[in-house]
Visitor: 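The structure under discussion is supplied below as structure tokens; questions concerning it will follow.
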Amino acid sequence: MRITVNQIKEMKQKGEKLAMLTAYDYPTAKIIDEAGIPLILVGDSLGMVVLGYESTIPVTMEEMLHHTKAVVRGAKRAMVIGDMPFMSYHISADDALRNAARFIQEGGAQAIKLEGGVTVMEKVARIVRCGIPVMGHIGLTPQSIHQFGGFIVQGKTPEAAARVLEDALALEEAGAFAIVLETIPTQLAQIITAKLSIPTIGIGAGIHCDGQVQVINDILGSYTEFVPKHAKQYAKLTDIISKAVTQYHNEVKAGAFPTEKQSYSIDESLLAELTK
Ligand code: KIV
């Protein structure tokens with residue numbers, strides 16, 4: 001049985017911390033799911049850590065759906081959340097609803113996430129009314145980096161902090177089941193977390209959030225072009241992969257791979273027939 005929105009909300013009431021990780025493919029989703037992590041986000045961070053774009057902005061609905069389907073095949077128990085890419089929910093409320101529905105109907109996800117607070121409140125309410133659970137995302141919203149002038153901590157002045165709080169309250173009112181708080185001061189995240197009845201899931205928002213989310217490549221050390229301050233590397237996969245690839249290359253050049261162990265043979269009598 002898959003994790004439900006109600007179970008996620010109950011975890012906050014019980015004071016149970018929530019872990020969420022991103023995934024973009026079948027094998028990674030399977031590992032995360034088997035580790036018992038309840039929430040898997042198919043983030044549009046896909047664009048940077050998998051597809052090699054400089055930001056999340058070029059990511060398309062088709063790319064997101066392609067990867068969402070793979071993640072859904074790998075995760076049997078976790079709730080899979082599809083991340084609405086840039087301009088898939090900005091142009092009109094109809095567009096927002098149609099694209100949210102594609103994540104559920106075509107992608108097989110159980111919920112969607114979108115960036116913004118007060119400005120997207122009406123769209124969130126409409127999507128929720130149609131039966132699609134919505135996770136909000138406020139603070140440093142990467143689809144707006146050109147407006148922010150880069151990956152900069154948000155909510156640092158009293159006015160900016162008040163705006164982030166207002167966004168959080170608007171999303172709760174609109175029916176969001178949880179909210180990602182990205183790169184805001186710990187104290188602001190603590191205030192927001194205390195004011196909301198729905199869970200906050202922090203990334204660079206300190207210890208007081210109800211849960212935490214990380215980009216899988218950041219914690220595994222498999223994307224090293226930009227490692228954010230909030231990421232902790234639990235492994236260094238680039239080193240392991242690079243060592244394995246180099247060893248394979250050397251063995252092929254030296255004629256040391258493959259050995260008998262990686263080779264197939266046919267019956268000697270058949271061979272005699274062939275070489276007659
Ligand atoms: O795209 C993503 O991976 C995200 C997380 C960082 C929350 O939005």
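All values below were derived from every heavy atom in this structure, side-chain atoms included, with hydrogens, water molecules and symmetry-related copies excluded. First listed ligand is number 1; within each ligand, the first listed atom is number 1.
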Visitor: Asp267 and Ser269: side-chain donor and acceptor closer than 3.5 Å?
Guide: yes
Visitor: Taking only residues two or more places apart in sequence, or in another chain, which ones meet Glu173 in a salt bridge (Lys or Arg N to Asp or Glu O under 4.0 Å)?
Guide: none
Visitor: Please output the residues near ligand 1 using a strict heavy-atom distance under 4.0 Å, listed in chain and residue-number order.
Guide: Thr22, Leu41, Gly43, Asp44, Ser45, Asp83, Lys113, His137, Val180, Ile203, Val215
Visitor: Is a donor on one side and an acceptor on the other found under 3.5 Å between the side chain of Lys12 and the backbone of Ile198?
Guide: yes
Visitor: Side chains of Thr28 and Asp25: donor-acceptor distance under 3.5 Å anywhere?
Guide: yes
Visitor: Hey, what do you get for CD (Gln143) to OH (Tyr89), rounding to the nearest 0.5 Å?
Guide: 3.5 Å
Visitor: Would Ser222 and Thr238 count as having a side-chain donor-acceptor pair, cut-off 3.5 Å?
Guide: no
